[in-house]
K.L.:
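Attaching a single structure in structure tokens format; questions to follow.
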Amino acid sequence: MQSIDIDVIRTALEWHNCGHRVVLGTVVRTWGSAPRPPGSLMVIRDDGQVAGSVSGGCIEDDLIGRVGRGELALRKPEVTTYGETAEAARRFGLPCGGTVQIVLEPLGPQSQLRELLVAIEAHQRVQRRLDMQTGLVRLVPATEGDRVAFDGATLGTVHGPRLRLLIIGGGQLSRYLASMAVMLDYLVTVCEPRTEYHEGWDAMAGVTLSTVMPDDLVLAMNLDHNSAVVAVTHDPKLDDLALMEALRTPAFYVGALGSQHNNAKRRERLLEFDVSPEEAARLHGPVGLNLGALTPPEIALSIVAEMTALRRGTDLSGPLSNWEGSKTVCKTC
């Protein structure tokens, strides 16, 4: 499984190397209910082939036609906006008056796509800076901040790993959890000192197997606010020490498998390890949203769902039936 960025960029490179004219579209701003968030990528080939998406289908056909006719981004980058009026929003199927602004960029050697792909595949986090007047691109190391920055003169987009997931334990559930997290563009590390659980992990793309002790690995990874930790071994000797260290980091999510009773006991043990009450309260246990999950893939789904909700700032205090949908989700397309 490849990240979305890698798929789109690799496709753009292949098409350009075959002699096609290729245009890269990047969502830079949205207003109201927009189908795709800023940073979404799409490439359009001169014969109408596409990869990626900037709207989930609402405006792609119009973009393909305009690019094919040479009306957009023929020689240098330019901006186009969809849904500026209610009539336009209805025409293109944008919900609730949503508006999408897209930068379209003709690709060439100056685009530095090959260099960008190399950086992403090396797990580097870089910012791609596009000069709107010249079409020239610079790649610089990325720091914390917004994924997209656009001031009309320069477009900056961040590529490469932004999210990390550390899974303590290498059992069946971990395999489903790792696979789903890779699809969501996490860099996944599975910590499993027990050799009997190592079979097959080396073949899973996007996942690193570590055999060091979990608490040592938590310290070595230097977890930040884009990091998540999930403990699933059911072995307090492995889980508890790792959770103790993880709860002291800025990691946005720290969870542990187990019943309410077992997690209550776990919190008591953590307090004995000098974990503060505030730190212990950060533990998500039982881990995952209450979806009625029973099987390992269902439990993995509930975990990544809770991680996603927290990362997006969703209020999980009420019932799921009160959820009215994300502001960036197109409900009518």
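Numbering of residues begins at 1 and proceeds along the displayed sequence. What you see is a predicted model; the values in this text were computed from it and never measured. Just so you know, these numbers use all the heavy atoms, side chains as well, and skip hydrogens, waters and symmetry mates.
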K.L.:
Would you find a donor on one side and an acceptor on the other, under 3.5 Å apart, between the side chain of Asn263 and the backbone of Ser259?
P.N.:
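Yes; at least one donor-acceptor contact below 3.5 Å.
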K.L.:
Which residue pairs satisfy the salt bridge (charged side-chain N to carboxylate O under 4.0 Å, His left out) criterion with at least one member in residues 192-201, sequence neighbours excluded?
P.N.:
Glu192-Arg194
K.L.:
Using modelled atom types and a 3.5 Å cut-off, is there a donor and acceptor pairing between side-chain atoms of Asp131 and backbone atoms of Leu136?
P.N.:
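Looks like no, no N/O pair under 3.5 Å.
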K.L.:
Determine whether Thr134 and Lys76 make a side-chain contact, defined as any pair of heavy atoms from C-beta on separated by less than 4.5 Å.
P.N.:
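Side-chain contact under 4.5 Å: no.
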K.L.:
Would you give the length of the straight line joining atom CG of Leu130 to atom CD of Gln110, rounded to the nearest 0.5 angstrom?
P.N.:
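Answer rounded to 0.5 Å: 9.0 Å.
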K.L.:
Side-chain contact test, heavy atoms from C-beta onward, threshold under 4.5 Å: evaluate it for Leu116 versus Leu139 and give yes or no.
P.N.:
yes
K.L.:
Please output the side-chain donor-acceptor pairs of residues 17-26 that fall under 3.5 Å, not counting sequence neighbours, one pair per line with the distance.
P.N.:
residue: Asn17; atom: ND2; partner: Leu13; partner atom: O; Å: 3.2
residue: His20; atom: ND1; partner: Asp46; partner atom: OD1; Å: 2.9
residue: Arg21; atom: NH2; partner: Val67; partner atom: O; Å: 2.7

K.L.:
Suppose the criterion is ring pair (Phe, Tyr, Trp, His ring centres under 6.0 Å): which pairs have a residue in residues 181-202, not counting sequence neighbours?
P.N.:
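Listed once each, the pairs would be none.
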K.L.:
Could you give the distance from NZ (Lys237) to CE (Met213), rounded to the nearest 0.5 Å?
P.N.:
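Nearest 0.5 Å value for the NZ-CE distance: 9.0 Å.
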K.L.:
Say whether, by atom type as modelled, one donor and one acceptor occur between the side chain of Glu298 and the main chain of Thr295 under 3.5 angstrom.
P.N.:
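Yes; judged by distance alone, with no hydrogens or angles, the pair exists.
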K.L.:
Indicate yes or no: does Arg266 engage Asp239 in a salt bridge with an N to O separation below 4.0 Å.
P.N.:
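Between Asp239 and Arg266 there is a salt bridge, with a charged N closer than 4.0 Å to a carboxylate O.
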K.L.:
Taking Leu223 as the starting point, is it possible to reach Val212 by hopping between hydrophobic residues whose side chains are less than 4.5 Å apart?
P.N.:
yes
K.L.:
Mind checking whether Gln101 and Val79 have side chains closer than 4.5 Å, heavy atoms only?
P.N.:
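Yes - at least one pair of side-chain heavy atoms lies under 4.5 Å apart.
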K.L.:
Do Val158 and Arg125 have side-chain heavy atoms sitting under 4.5 Å apart?
P.N.:
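Yes; the side chains approach each other to less than 4.5 Å.
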K.L.:
Going by the rule side chain to side chain donor-acceptor pair (under 3.5 Å), which residues pair with Arg45 if we only count those two or more places apart in sequence or in a different chain?
P.N.:
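Per chain and number, Arg45 pairs via side chain to side chain donor-acceptor pair (under 3.5 Å) with Asp47.
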K.L.:
For Val304, run the side-chain contact (heavy atoms from CB on, under 4.5 Å) check against Leu184, Leu289, Leu165 and tell me which one passes.
P.N.:
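Going through the options one by one, the only one that passes is Leu184.
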K.L.:
Apply the hydrophobic cluster definition, ILVMFWY joined by side-chain contacts under 4.5 Å directly or through others, and give me every member besides Tyr176.
P.N.:
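So far as hydrophobic clustering goes, Tyr176 is joined with none.
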K.L.:
Less than 4.5 Å apart, any side-chain heavy atom of Arg66 and any of Thr80?
P.N.:
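Arg66 reaches Thr80 side chain to side chain.
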K.L.:
With a 3.5 Å distance limit and no angle check, can you tell me whether Arg282 reaches the backbone of Leu247 through a side-chain donor-acceptor pair?
P.N.:
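At least one qualifying donor-acceptor pair exists.
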K.L.:
Would you say the side-chain atoms of Thr314 pair up with the backbone N or O of Leu310, donor to acceptor, closer than 3.5 Å?
P.N.:
no
K.L.:
Considering residues at least two apart in sequence or located in another chain, which fulfil the ring-ring contact (aromatic ring centres under 6.0 Å, His included) criterion with His284?
P.N.:
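Result, ring-ring contact (aromatic ring centres under 6.0 Å, His included) vs His284: Tyr253.
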K.L.:
If you define the side chain from C-beta out and look only at heavy atoms, does anything of Cys191 sit under 4.5 Å from Leu166?
P.N.:
yes
K.L.:
Salt-bridge test for Glu105 and Arg128: reply yes if a basic N is under 4.0 Å from a carboxylate O, no otherwise.
P.N.:
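Salt bridge: yes.
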K.L.:
Between Val100 and Val54, is there a side-chain heavy-atom distance shorter than 4.5 Å?
P.N.:
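Of all side-chain heavy-atom pairs linking Val100 with Val54, none is under 4.5 Å.
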K.L.:
With rounding to the nearest 0.5 angstrom, report the CD to NZ distance, Gln260 to Lys265.
P.N.:
14.0 Å
K.L.:
Does a side-chain heavy-atom distance below 4.5 Å link Arg75 with Pro106?
P.N.:
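When only atoms from C-beta onward are counted, Pro106 and Arg75 do not touch, as no gap falls below 4.5 Å.
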K.L.:
With no hydrogens and no angle check, is any side-chain donor or acceptor of Arg267 less than 3.5 Å from a backbone partner on Leu283?
P.N.:
yes
K.L.:
Is the CZ atom of Arg69 crowded by more than 12 outside heavy atoms at less than 6.0 Å?
P.N.:
yes
K.L.:
I need the Ile120 CD1 to His159 NE2 distance, nearest 0.5 Å.
P.N.:
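With rounding to 0.5 Å, CD1 (Ile120) is 6.0 Å from NE2 (His159).
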K.L.:
Run the numbers on Tyr82 and Leu63 for side-chain contact (heavy atoms from CB on, under 4.5 Å), then give the verdict.
P.N.:
CA-CA 10 Å; Tyr82 286 88; Leu63 276 174; 3.4 Å; yes
K.L.:
If only side-chain N and O atoms count, and only distance matters, is there a donor-acceptor pair under 3.5 Å linking Arg114 with Gln112?
P.N.:
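On atom types as modelled, these side chains do not qualify, holding no pair under 3.5 Å.
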